[in-house]
Structures are given as C-alpha cells and as structure tokens.
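Below: one structure, written as structure tokens.
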Amino acid sequence: MHLRSKLPNVGTTIFSVMTALANEHGAVNLSQGFPDFPLDEDFKDILNQSLTQNVHQYAPMMGLPMLREQIVRLVREQHQRQLSVDEVLITAGATQAIFTAIQALVQTGDEVVILDPAYDCYAPAVDLVGAKRIHVPLNAALGLNLEKLAQAINEHTRMLVINNPHNPTGRVFSNSDLSGLIEILDKFPNCLILSDEVYEFINLSGRVVTMHQFETIRDRLITVSSFGKTLHITGWKVGYLCAPTALMKEITKVHQFLVFSVNHCAQYAIARYLENYQIESIRELYRRKRNLIQDLLAPSRFKVLSSEGTYFQLVDFSEISELSDVEFSKWLVQEVGVATIPISVFFNEPFHKKYLRLCFAKSDEVLTQAAEKLCKI
C-alpha cells in the first residue's frame, strides 16, 4: 500500500529522543519541560472531593462555567482586561488550543509568520492547512527583529504566532519591542495574532508580557494559556483560549469535532483550587529556582545567559566544545549524565550558536545533582 505522509518532514521529537537517552544512560533529565513537584495538598484534597461530585460525564463543550468565570477574573486582575465567559474556551492543553485556532482561522495559501526559535507544534499545524510559513528569526540579542518583521508581514499575512515569555530562550520581549510590533500590525488589520502565553505567570522580568494590554488588536487577538504550566499539572492537559466572539464562533466549530469537551473532573478541581490560589506565588517559586541553577553553574565552563521568564535556562558551551549543539547534547547525556535540549531544533533555518536549554522546574536536589556533573566538565 502506498502511503503519502501529510507531514513528511516530521519525525520523533527531540524531547522524546533526549528523554529516551536519559533513561538509557541513567542521566539527570533537564530536557523535557515539566515540573517534578508533588501536587499541592490543598489541591489534592479538592481533587479527592471532586470524586464524590457529579463530574464524571461530558463537560459543557466550551468548558465549565465556574472555571471560565475564574479565568475571566484572572485576566481582569492580572492583565486589566474585561472578558466575558463566552470569550473563553477550555481546551485539552495549550497545544490543542493552538492547533484548533490555526485549523479554524487559517486557509490554504495564507501566510503565517512564526518567530524562530519556535516551539515545535506551530509549524505542523500550519502545514496541515496548506498555508505558507514565513519564519522570522529573533535578533542577535534574542529580541524581536522589528525590521525583518516589517518586511515579512503584509496584506497576505493571515496570522502572526508569538510566544512570550519565550520558549526556548527564556526571554521576555521588551515593552518597546512589543509596541513596535503593534505599530506594524496596526497597518494590517486583517492579520490575526495568536499569542502563546503559557508562561504568562512565570514572568521574572517585571515587564508586561501579555498581548491583552494592546487595545487596538483585541478584535483579532487569540491568547493561549496552560494550567499545566501554572499549576504544575502538565499531565492533566488542561489549557484555555481567549478570543473575541466572532473568532470564537469559528474556533469552537473545530473544537467540537476535535475533542468536544475536556476532562470534567479536572476542570472542577481547578476551578475550586483557583478560588483561593495566589497566582503570584508561582513567580517567586521559579525566581528562586532560576537563581539556584545560575548560582550552581557559575563555577562551570558554561556561559549562563539571561533568563527572564519561563522555567528554562540557556547556557552557551562554545568554550567547551566545537561539536554542534545536537551532537554535544548527545555527548552530554551519554558521557556526563545530564540531558538537555539543543536550541537549533527550534529553528527552521540552520542555527549555529552553541546553546543548550535546561529546564529548572525540578527539585533542588535534582538541580544540584545536574550542576555538579556539569561543573566537572
């Protein structure tokens, strides 16, 4: 039988490859971006209580009203924007939200601008609708390259995909960069903005990160967030999407046939937990984790780059090896016992800087163990 792949260039992700190598060699795994923290005891109690509630059948298609109301409150209190519950959709994780929005709103032949380095789920979603990807790399300082963005965005651009705080770099784009981007977007009112804000509450920069702040684009803005990142429950796969009513109408058409509804029990537990959860606490947790990994790596031969958001830390190994980042990361897990992620895999075009991404959403013991190994190189 002849089979023609719709994604011929997509293979096993680097995350799966590095985790498999870590397991094979008994390495400390700082590659995949998930926390290893236990569930908060209060959260655990609420989850256990939910088992006695009537939350074991299909949830409403757009999500539990009580959870969507909590999201409206969060957006109002944290981002100073008033949404209605009809502008909030609960999704089976952020990746499903991103995929659904692109499938619903991008047509064959449209152009979609993606900022490189980019999380690996954006490109396949664009390819599956037959749209044209336009990749614009960040500048040398890992900020927005406004000159190249101005050249890339035009009347054929249907969507810009932006991620802030940014994975994999750990950067938070400057307010002047974001304002400059809005000036460009204001010239093209038919260009939608898909803002991946899954690390919105892990912002260590003190700067505003959300695209909610810009009033002129709100009628074409789709934001995506993740309870997995915010509440350390990545395995629950619960996220949410915010969009104006006209766009939400099209997005829910795809959503209802893709997953229809999301885990009812998890939605209930999250809604209850958010009633008393102090969202600011996540920022201080990761500020301490970031400072710890940076201090632990200070005596090493790695150059530790700035990390302003997310739970990722970039390190430069150019003074250690001439190997490519992919080959060095494999050597590192096999010979040193630490699994990381090479940055070049997040680029559409070749990227030759010697950067690795470390995840510091781990226990202090794991971070210390990894740092001890890295400092011996």
Side-chain angles (χ1 to χ4, degrees), residues 14-15 18 28-33 115-120 136-145 162-178 196 198-200 202-207 209 229 283 285-333 336 338-347 349-362 366-368 370-377:
I14 189 66
F15 309 105
M18 296 309 297
V28 182
N29 192 352
L30 301 187
S31 59
Q32 282 193 289
L115 305 178
D116 278 357
Y119 188 60
D120 63 357
V136 178
L138 301 180
N139 60 30
L142 301 178
L144 296 183
N145 193 323
I162 183 171
N163 171 216
N164 191 38
H166 188 263
N167 173 23
T169 67
R171 294 303 175 90
V172 171
F173 299 132
S174 70
N175 294 336
S176 61
D177 272 359
L178 292 178
D196 178 354
V198 297
Y199 299 101
E200 61 188 317
I202 312 178
N203 171 20
L204 312 179
S205 70
R207 298 193 293 273
V209 296
K229 305 297 189 295
R283 187 178 301 115
L285 167 67
Y286 283 115
R287 189 187 306 279
R288 188 184 69 79
K289 294 287 184 182
R290 181 206 57 187
N291 292 347
L292 175 62
I293 192 66
Q294 290 185 349
D295 290 345
L296 290 171
L297 291 176
S300 75
R301 296 170 63 196
F302 292 93
K303 180 181 178 182
V304 180
L305 279 65
S306 174
S307 175
E308 302 171 311
T310 76
Y311 42 54
F312 299 116
Q313 174 66 59
L314 288 191
V315 294
D316 181 338
F317 66 91
S318 57
E319 295 184 3
I320 299 174
S321 174
E322 293 297 321
L323 293 173
S324 70
D325 61 346
V326 172
E327 291 304 314
F328 184 73
S329 65
K330 291 179 179 178
W331 175 86
L332 201 63
V333 70
V336 179
V338 179
T340 62
I341 294 291
I343 294 303
S344 64
V345 301
F346 294 92
F347 285 82
E349 299 296 329
F351 179 74
H352 301 295
K353 287 191 176 181
K354 300 182 183 301
Y355 292 166
L356 300 177
R357 190 196 78 175
L358 284 62
C359 175
F360 55 79
K362 308 296 179 185
V366 167
L367 295 178
T368 300
E372 288 175 350
K373 292 176 179 290
L374 294 174
C375 285
K376 291 178 181 178
I377 298 175

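All residue numbers in this chain count up from 1 along the given sequence.
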Going by the rule side-chain contact (heavy atoms from CB on, under 4.5 Å), which residues pair with Leu204 if we only count those two or more places apart in sequence or in a different chain? Arg283, Arg287, Arg290
Tell me, please, which residues at least two apart from Tyr119 pass ring pair (Phe, Tyr, Trp, His ring centres under 6.0 Å). none
Could I get the full list of salt bridge (Lys or Arg N to Asp or Glu O under 4.0 Å) partners for Lys373, not counting sequence neighbours? none
Ala370: what forms a side-chain contact (heavy atoms from CB on, under 4.5 Å) with it, not counting sequence neighbours? Val28, Leu30, Val338
Pairs in or reaching into residues 299-310: which pass side chain to side chain donor-acceptor pair (under 3.5 Å), with residues at least two apart or in two chains? Arg207-Glu308
What residues form a ring pair (Phe, Tyr, Trp, His ring centres under 6.0 Å) with Phe302, not counting sequence neighbours? none
Could you work out, with side-chain hydrogen bond (donor to acceptor under 3.5 Å, both in side chains) as the rule, every residue matching Ser324, not counting sequence neighbours? none
Sequence-distant partners of Glu200, side-chain hydrogen bond (donor to acceptor under 3.5 Å, both in side chains), two or more places apart: His79, Ser225, Tyr240
Partners meeting side-chain contact (heavy atoms from CB on, under 4.5 Å) with Asn139 (sequence neighbours left out): Ala141, Asn145
Going by the side chain to side chain donor-acceptor pair (under 3.5 Å) test, which pairs reach into residues 349-362, not counting sequence neighbours? Asn167-Arg357
For Asn164, the side-chain hydrogen bond (donor to acceptor under 3.5 Å, both in side chains) test, sequence neighbours excluded, returns none
Ser205: what forms a side-chain hydrogen bond (donor to acceptor under 3.5 Å, both in side chains) with it, not counting sequence neighbours? Asn203
